Colleague: 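One structure coming up, written as structure tokens, with questions to follow.
It should be emphasised that the depicted structure is a prediction, and the values quoted were computed from it without experimental measurement.
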There are 2 protein chains.
Amino acid sequence: MHRHEGHAACHADADDMLARAEAVCRERGLQFTPLRRDVLEAVAESGKAQGAYDIAERLSAPGKRVAPVSVYRALDFLMEQGLVHRIASRNAFIPCAHGHAPGEGVIFLICRSCGGVDEASSVEVEGGLGRTLERAGFTPVHSILEVEGDCGACRERMQAP
Amino acid sequence: MHRHEGHAACHADADDMLARAEAVCRERGLQFTPLRRDVLEAVAESGKAQGAYDIAERLSAPGKRVAPVSVYRALDFLMEQGLVHRIASRNAFIPCAHGHAPGEGVIFLICRSCGGVDEASSVEVEGGLGRTLERAGFTPVHSILEVEGDCGACRERMQAP
DNA sequence: GGCGGCGGTGATACACTGTAACAAACCCGC
DNA sequence: GCGGGTTTGTTACAGTGTATCACCGCCGCC
């Protein structure tokens, strides 16, 4: 689950997300269309990573079908604007919990029992990674770091049922 | 990065891989079947990450078709034995270049221009990641760290064509 | 007002990735 | 040879992502 202790305030709730997204788009002269809004809201509302098809289904209502391809386009847009992240190991998407410094590395903490995804960052990891890449003569363009395991809340729940 | 200077000798060649795989299997009482051998060879021969369907096609000959599902099973086996890695960001597979210490984190360096994948590791990154996870109250089960960028060889090639 | 371009959306089709289920073949110890 | 586990073949299918074309709405321009 998200908004876990240790991180109580770390996830902006859906309203904040939407407000931030609207501000970002206005600032950059981009359109924050209803579809994009809906997709972002769908991603932000559920605490866990959502597949594109899940989102499409969630947004579809009898009489108004939202095709996955539309969702993908909206997600591409949202990712370009840094409002949404993709979890490669899950083929799923989560809202970006907080504005990152541009280029800052993000660590995704994926709970295998509740499916919630938390974000962390570490200058230590980042520095070490940079030095490692440099030693290897490798110029990074972007990197993904995803950790699967058990979040604190789930671990407690398992110990004291 | 281990053995990898330009790129020429950077991939343990297929023969070494096969010999090591056979030894590992014998040691663990597992079968190193012809199919598994062929799949590992296909992964090891090409210097770059291979999709499961690419492998299937590569192993298929007129009259003898290898179905993707068979390739997946062989890959699952090879991954369990630590002989092959999966690149989540590419849905592709590479041979494990060298035996890792069990549980040791691996960093994948994926060249976006030549498609080659190199492996690196760093106690510094690993330590920092461990401390970050601990601070977050998160118990890791396994993690993936993949960096996309330009390898040294390709960067040189681009500068001086 | 008409016209053309441009970005966004809808819709269909398709390619790629991965898994389930079942049957047949194989191997090994008894 | 027989029984039981493992491996492979085969088919079908679920899930993920992209290509293509048509249409719409908007804005600037003539």
Side-chain angles (χ1 to χ4, degrees), chain A residues 21-22 24-26 28-43 48-81 83-94 115 144 146, chain B residues 21-22 24-26 28-43 48-81 83-94 115 144 146:
Chain A
E22 197 167 354
V24 164
C25 289
R26 188 165 35 235
R28 300 178 191 172
L30 302 171
Q31 306 180 36
F32 192 54
T33 64
L35 176 63
R36 290 169 180 175
R37 206 204 79 97
D38 291 348
V39 169
L40 179 56
E41 190 176 25
V43 173
K48 20 190 292 193
Q50 297 278 299
Y53 280 64
D54 297 333
I55 298 170
E57 194 177 349
R58 189 180 181 126
L59 295 184
S60 292
K64 189 201 179 260
R65 176 181 119 90
V66 177
V69 61
S70 298
V71 174
Y72 276 110
R73 283 190 290 229
L75 287 171
D76 287 343
F77 172 85
L78 295 169
M79 280 192 291
E80 273 168 21
Q81 306 313 317
L83 296 165
V84 161
H85 295 298
R86 179 183 151 79
I87 307 294
S89 60
R90 293 279 182 115
N91 297 325
F93 303 84
I94 59 165
I144 66 177
E146 301 176 6
Chain B
E22 196 166 355
V24 163
C25 289
R26 188 167 31 237
R28 300 178 190 171
L30 302 170
Q31 307 180 37
F32 191 55
T33 65
L35 175 64
R36 290 171 179 173
R37 206 203 80 96
D38 290 348
V39 169
L40 178 56
E41 190 176 25
V43 172
K48 22 190 290 192
Q50 297 278 298
Y53 279 65
D54 296 334
I55 298 170
E57 194 176 351
R58 190 179 181 127
L59 295 184
S60 291
K64 187 197 178 266
R65 172 181 125 91
V66 176
V69 62
S70 298
V71 174
Y72 276 110
R73 284 191 289 228
L75 287 171
D76 287 343
F77 172 85
L78 294 169
M79 280 191 291
E80 274 167 21
Q81 306 314 316
L83 296 165
V84 161
H85 294 298
R86 178 184 151 80
I87 307 295
S89 60
R90 294 279 181 113
N91 296 325
F93 303 83
I94 58 164
I144 65 176
E146 301 176 5

Colleague: Please state how far atom OH in A:Y53 lies from atom C1' in C:dC16, giving the value in whole angstrom units.
Modeller: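 After rounding, the gap between these two atoms is 11 Å.
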Colleague: How do B:Q31 and A:G51 order along DNA chain D: which one's closest nucleotide is nearer the 5' end?
Modeller: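 First, find each residue's nearest nucleotide; the 5'-ward one identifies B:Q31.
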Colleague: For B:V66, is there any backbone N or O sitting under 3.5 Å from a side-chain donor or acceptor partner on B:S70?
Modeller: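 No; judged by distance alone, with no hydrogens or angles, the pair does not exist.
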Colleague: For A:R90 and D:dG17, what is the distance between atoms CZ and C1' respectively, to the nearest whole Å?
Modeller: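 It works out to 19 Å between those atoms.
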Colleague: Checking B:R36 side chain against B:F77 main chain: does a donor-acceptor pair fall under 3.5 Å?
Modeller: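 No.
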Colleague: Using a heavy-atom cut-off of 4.0 Å across all strands, would you classify B:V69 as base, sugar-phosphate, or nothing?
Modeller: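 Answer is base: heavy atoms of B:V69 come under 4.0 Å of a base.
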Colleague: Could you give me the CA-CA distance, side-chain angles and deciding distance for A:Y53 and A:Y72, then say whether side-chain contact (heavy atoms from CB on, under 4.5 Å) is met?
Modeller: CA-CA 9 Å; A:Y53 280 64; A:Y72 276 110; 3.8 Å; yes
Colleague: Hey, is the side chain of A:R73 pairing donor to acceptor with the base of D:dG17 inside 3.5 Å?
Modeller: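 Between D:dG17 and A:R73, which were checked side chain against base, a qualifying N/O pair under 3.5 Å is absent.
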Colleague: Would you say A:Q50 and A:I94 make side-chain contact, with heavy atoms under 4.5 Å?
Modeller: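 Not touching, per the 4.5 Å side-chain cut-off.
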Colleague: Ignoring the backbone of A:T33, work out which of C:dG18, C:dG10, C:dG8 is nearest its side chain.
Modeller: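 Minimum distance to the A:T33 side chain belongs to C:dG8.
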Colleague: What's A:R86 touching, base or sugar-phosphate or nothing? Going by heavy atoms closer than 4.0 Å.
Modeller: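 The residue A:R86 makes sugar-phosphate contact but no base contact.
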Colleague: Atom CG of B:L75 to atom P of C:dT19: distance rounded to whole Å?
Modeller: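 Whole-Å distance recorded here is 11 Å.
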